[in-house]
Amino acid sequence: MKDNFITAIIDAQQATSRSVQTRFPPEPNGYLHIGHAKSICLNFGIAARYAGQCLLRFDDTNPETARAKYAQAIAEDLRWLGFASAAPSRYASDYFAHLHASAVQLIEAGLAYVDTLSGAQLREYRGSLTTPGKESPDRNRSVAENLELFRRMSAGEFAPGACVLRAKIDMNSPNLHLRDPVLYRIRTQPHYRVGTRWKVFPLYDFTQCLSDAVEGVTHSLCTLEFEDNRPLYEWFLEKLQIPDPRPQQIEFARLKLNGTVVSKRLLTQLVDGGHVRGWDDPRMPTLRGLRRRGCPAEAIREFCAKIGLTKKDTTIDIQLLENCMREELDRTAPRAMAVLEPLRVVIENYPDGQEDSLPAANHPADAGFGERQLPFSREVYIERTDFMEQPPARYRRLAPGREVRLRYAYLLQCTGVEHDVHGRVVLVRGRIDPDSRGGRAPDGRKVRGTLHWVSAQHALEAEVRLYQPLFTDSDPTALGEQWLQALTPDSLQSGRAWLEPGLTAAPPGQVYQFERLGYFCADPDGSPQRPVYNRTVTLRDSWRPPG
RNA sequence: UGGGGGAUCGUCUAACGGCAGGACAGCGGACUCUGACUCCGUCAAUCUAGGUUCAAAUCCUAGUUCCCCAGCCA
């Protein structure tokens, strides 16, 4: 964990030898995305830096939305990200009895009351940003009456919406959150964990601070939009006489990434609207999407370390994430060859029917990856973009009369071109230097261009899925309700590719570098007969034709 | 016209009142059996206006501007 404004706060406290405990508190109502990863890395990183503990706590106070499948998926994603969290998960619903008793305590202290105002009235009485609120007629009910009403609420005697429990704070506060916030509401849906035992459920503000206190959380880190909630957080701790040291809420800026959306609500709409294939669609900034795309967990962690931490609203360039992926994958991905847009090359001086097997390094900088054998024959495919009849200046690839290297194979000189009736190149003829087997020039002559290739008769046909950013606009949310209009029309481009034969056996999730093309990850949709590869990220490409 | 926060290269992010540094992106070059990787170089910033000071991104004053808050969501 690098230094940031939160470590500075904690460092200052270390003088008084404060221990450190944090928590990651997702709601189990959706899947984790890269924005959560920022919070995860922060919370676990802080705990690790100060030799403390970070707990995973499901914030499952809302029975309408909390679901077991999400909790399970979140735990899974967290593990994948690299935070195994030895401690068992906690659940806010574990604390319902304690929370309820705390509510009773507030009522007894004259600090909470049951209000029968309707939702609409509640809103009206709350006032507005610029006008003060109005006290509810129920505000001065006696303690005994409140106790009795809350008991009946809790016993299920009232319908949802009939009444709520509110804190008695200040209807004139300029901070809307302090205008007698709702603590408990009635819900009849069974809760996925505690079933029908509870008829009343605590709201966020009441739950978060007390759960933190119960667990011994010292630093409760959350995003900026909760800044106004902090006085309320502290109010509960004080009125319930939580002993010092009390948990301290500190807010930081949430992550925004350009070219995508990072909000559960919006991501849900993408899935529900069929704009992507699901939560694990490789275009999604969800952890599952990134994983399926081939992004290593380590790259996400590195990314989170690099973006830093402040209270400033920021938008991170997606290229930083891509850079982290390339950095990690360059180290860890074995190399392979594949051709996306094939152009047939006939090697005139290589006998028809003859075959050879050529050794190729699986990683040019790490011999530990070993070698593999590549079949070679009279006809090979090269990338269509690696041949030009009239090449521009500084073009290092194949052109009539030019010589290039077929990687790990032979030096190849172009001797002819064939066109179809439209004048399109359909075939290239060439001759290899028989003394260059392995790709080395026998006389040491410089051959600038090196091309990837596959043997035509041995090539394995596969599907490749190429992805564009989901949105054409760097900030689609700036379009308000129209945000979906910024969707990239063909953000998924599915096509065929020809792979070297060894690639048939790759397990889903395995990432290769297809040399000169990019990193590609085996997709679970594939089979040994027809593999499917997702392009994780392209290689950097500094080649630009002049002009 | 309420309250709470924020403003440093294009984008992130550093800098006790003491040389505005780093990363990503861009550009140029070297190297290269991946136009990758690596290496080198380069471009580029303190929201504005006053003030305090030998010295201000930092302190003071006044502005500007952006974000958040009116769920029985979190």
Side-chain angles (χ1 to χ4, degrees), chain A residues 2-4 25-27 29 59 61-62 64-65 115 117-119 122-133 160-166 172-179 181-187 200-201 203-205 207-208 222-231 251 253 258 264-265 303 306-324 326-327 330-331 335 337 360-361 364-365 394-397 404-409 411 436 438-441 446-452 474 513-519 538-544:
Chain A
K2 289 195 300 187
D3 291 355
N4 56 53
E27 300 175 76
N29 72 346
D59 193 4
T61 55
N62 189 345
E64 296 178 304
T65 54
D115 199 338
L117 247 32
S118 71
L122 223 47
R123 192 178 321 125
E124 188 197 323
Y125 275 64
R126 189 154 32 229
S128 76
L129 295 180
T130 50
T131 59
C163 51
V164 292
L165 183 72
R166 300 177 74 180
N172 292 315
S173 173
N175 180 343
L176 266 21
H177 294 277
L178 261 19
R179 318 242 263 228
V182 176
L183 268 45
Y184 266 92
R185 79 293 221 186
I186 301 168
R187 286 291 176 270
V200 292
F201 293 88
L203 276 91
Y204 168 83
D205 288 299
T207 308
Q208 195 70 206
C222 63
T223 44
L224 252 26
E225 67 270 26
F226 293 104
E227 281 178 315
D228 289 347
N229 300 55
R230 184 170 5 108
E251 310 84 12
N258 63 19
K264 205 156 22 185
R265 185 177 65 87
F303 171 74
K306 279 185 172 161
I307 58 177
L309 190 79
T310 62
K311 299 186 68 143
K312 175 165 66 166
D313 291 316
T314 56
T315 304
I316 310 288
D317 194 330
I318 193 81
Q319 288 188 103
L320 183 61
L321 212 210
E322 293 184 346
N323 180 65
C324 292
R326 291 189 184 106
E327 206 166 78
D330 179 53
R331 281 178 40 229
R335 309 294 132 116
M337 290 201 282
R394 303 208 289 178
Y395 188 76
R396 304 225 291 249
R397 308 173 188 184
V404 295
R405 174 171 23 247
L406 295 178
R407 190 151 160 88
Y408 297 125
L411 299 182
S436 66
R440 215 173 307 276
K446 278 271 180 252
V447 178
R448 292 284 271 174
T450 299
L451 309 187
H452 60 277
S474 72
Q513 185 196 101
F514 290 176
E515 295 208 47
R516 302 211 306 133
L517 294 176
Y519 296 95
T538 60
L539 254 30
R540 283 183 53 188
D541 182 7
S542 62
W543 159 244
R544 310 241 182 313

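What you see below is based on every heavy atom in this structure, not just the backbone, and it leaves out hydrogens, waters and symmetry mates. So that the names make sense, note that chain A is the first sequence line, chain B the second, and so on, each numbered from 1.
A/L320 places a side-chain heavy atom less than 4.5 Å from the side chain of A/K306. When side chains are defined from C-beta on, A/L122 counts as touching A/D115, because their heavy atoms get closer than 4.5 Å.
Between A/S128 and B/rG2 there is no side-chain N or O to OP1 or OP2 distance below 4.0 Å. For the OP1/OP2 pair of B/rA74 and a distance below 4.0 Å, the side-chain nitrogens and oxygens of A/R185 include at least one atom meeting the criterion. Between A/T310 and B/rU13 there is a side-chain N or O to OP1 or OP2 distance below 4.0 Å. Look at A/R516 and you'll find a side-chain N or O under 4.0 angstrom from OP1 or OP2 of B/rG35. Proximity of A/R331 to the phosphate of B/rU38: no side-chain N or O atom is located under 4.0 Å from OP1 or OP2. For A/S542, a side-chain nitrogen or oxygen approaches OP1 or OP2 of B/rA36 to under 4.0 Å.
The A/R448 side chain lies nearest to B/rU32 when the options are B/rU32, B/rA74, B/rU34. Between B/rG2, B/rC72, B/rA74, one nucleotide has an atom nearer to the side chain of A/R126 than all others, and that is B/rC72. Of the candidates B/rU1, B/rU34, B/rG35, the closest approach to any side-chain atom of A/R407 belongs to B/rU34. For A/L539, whose side chain is taken as the heavy atoms from C-beta onward, the closest listed nucleotide among B/rG35, B/rC73, B/rU34 is B/rU34. If you check B/rG3, B/rC72, B/rA25 against the side chain of A/R540, the one that comes closest is B/rA25. When distances are taken from the side chain of A/R394 to each of B/rG35, B/rU13, B/rG2, the shortest belongs to B/rG35. Minimum atom distance to the side chain of A/L320 is reached by B/rC24, of the listed B/rC24, B/rG35, B/rC12. Taking only side-chain atoms of A/E27, from C-beta outward, the nucleotide of B/rU34, B/rC12, B/rA74 with the closest atom is B/rA74. Taking every side-chain heavy atom of A/L176 into account, B/rA70 is the closest of B/rG35, B/rU34, B/rA70. Each of B/rA74, B/rG2, B/rU34 was ranked by its minimum atom distance to the side chain of A/D59; first place goes to B/rA74.
A/R440 CZ: 12 or fewer foreign heavy atoms inside a 6.0 Å radius.
The distance from atom CG of A/D330 to atom C1' of B/rU34 is 10 Å, rounded to the nearest whole Å. Rounded to an integer number of Å, the gap from CD1 of A/I318 to P of B/rC12 is 14 Å. Computed from coordinates, the A/R187 CZ to B/rA74 C1' distance equals 14 Å when rounded to whole Å. Remark: P of B/rC67 and CG of A/D228 are 16 Å apart, rounded to the nearest angstrom. Regarding A/L178, its CG atom lies at a distance of 14 Å from the P atom of B/rG3, rounded to whole Å. If you take CG of A/L165 and P of B/rC72, they are 13 Å apart, rounded to a whole angstrom. Residue A/E251 contributes atom CD, which lies 18 Å from atom P of B/rA74 at whole-angstrom precision. For the pair A/L203 CG and B/rA74 C1', the interatomic distance rounds to 9 Å; values are reported in whole Å.
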Would you sketch RNA chain B in dot-bracket for me? Only Watson-Crick or G-U wobble pairs with both distances under 3.5 Å count, crossing pairs as [ ], other-strand pairs as |, the rest as dots. .((((((..((((....[..)))).(((((.......)))))....(((((..]....))))))))))).....

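A/P364 comes within 4.0 angstrom of a base, heavy atoms only. Here A/T315 lies in heavy-atom contact (under 4.0 Å) with sugar-phosphate atoms only. Counting any heavy atom pair closer than 4.0 Å across all strands shown, A/V182 reaches sugar-phosphate atoms only and no base atom. Note on A/Y395: a base of the nucleic acid sits closer than 4.0 angstrom, heavy atoms only. As judged by a 4.0 angstrom heavy-atom cut-off over every strand, A/R179 is placed among residues making no nucleic acid contact.
A distance-only check finds no donor-acceptor pair linking the side chain of A/S173 to the backbone of A/L178 [under 3.5 Å]. With hydrogens and angles disregarded, a donor-acceptor distance shorter than 3.5 Å links the side chain of A/R516 to the backbone of A/T450. Of the possible donor and acceptor atoms, one in the side chain of A/N258 sits under 3.5 Å from a partner among the backbone N and O of A/I318. Not one N or O on the side chain of A/R126 forms a donor-acceptor pair closer than 3.5 Å with the backbone of A/H177. One N or O on the side chain of A/N175 and one on the backbone of A/D228 form a donor-acceptor pair closer than 3.5 Å. Between the A/R335 side chain and the A/E515 main chain, no donor and acceptor come within less than 3.5 Å of each other.
Between the C1' atoms of B/rC12 and B/rG28, the separation comes to 24 Å (whole Å). Taking atom C1' in both B/rU46 and B/rA56, the straight-line distance is 11 Å, to the nearest Å. As rounded to the nearest Å, B/rC19 and B/rU58 have P atoms that lie 14 Å from one another. B/rC60 and B/rG18 have their P atoms separated by 15 Å, with the value rounded to a whole Å. Separating the C1' atom of B/rC43 from that of B/rG22 is a span of 16 Å, rounded to the nearest Å. Going from the P atom of B/rU48 to that of B/rA7 covers 14 Å, rounded to whole Å. Going from the C1' atom of B/rC59 to that of B/rU52 covers 8 Å, rounded to whole Å. Between B/rA14 and B/rA70, the distance separating the two C1' atoms is 39 Å to the nearest Å.
Here the CE atom belonging to A/M337 is positioned 10.0 Å from the CG atom belonging to A/L451, to the nearest 0.5 angstrom.
Between A/R185 and A/E64 there is no salt bridge, since no side-chain N of the basic residue sits under 4.0 Å from a carboxylate O of the acidic one.
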Would you give a per-nucleotide map of nucleotides 5-10 of chain B, 5' to 3', where B means the base has a protein non-hydrogen atom under 4.0 Å away, S means only the sugar-phosphate does, and - means neither? SSSB--

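Residues A/R394 and A/W543 approach most closely at O-CZ3, 3.4 Å, considering heavy atoms. The two atoms that bring A/N29 and A/T65 nearest to each other are CB-O, 3.5 Å, heavy atoms only.
Residue side chain A/N175 does not reach the base of B/rG4 through any donor-acceptor N/O pair under 3.5 Å, judged by distance alone. Counting atom types as modelled, A/R397 pairs a side-chain N or O with a base atom of B/rG35 as donor and acceptor under 3.5 Å. Counting distance only, with no hydrogens placed and no angle test, the side-chain atoms of A/Q319 and the base atoms of B/rU11 include no donor-acceptor pair under 3.5 Å.
In B/rG17 the base sits anti relative to the sugar, since the glycosidic angle is further than 90° from 0.
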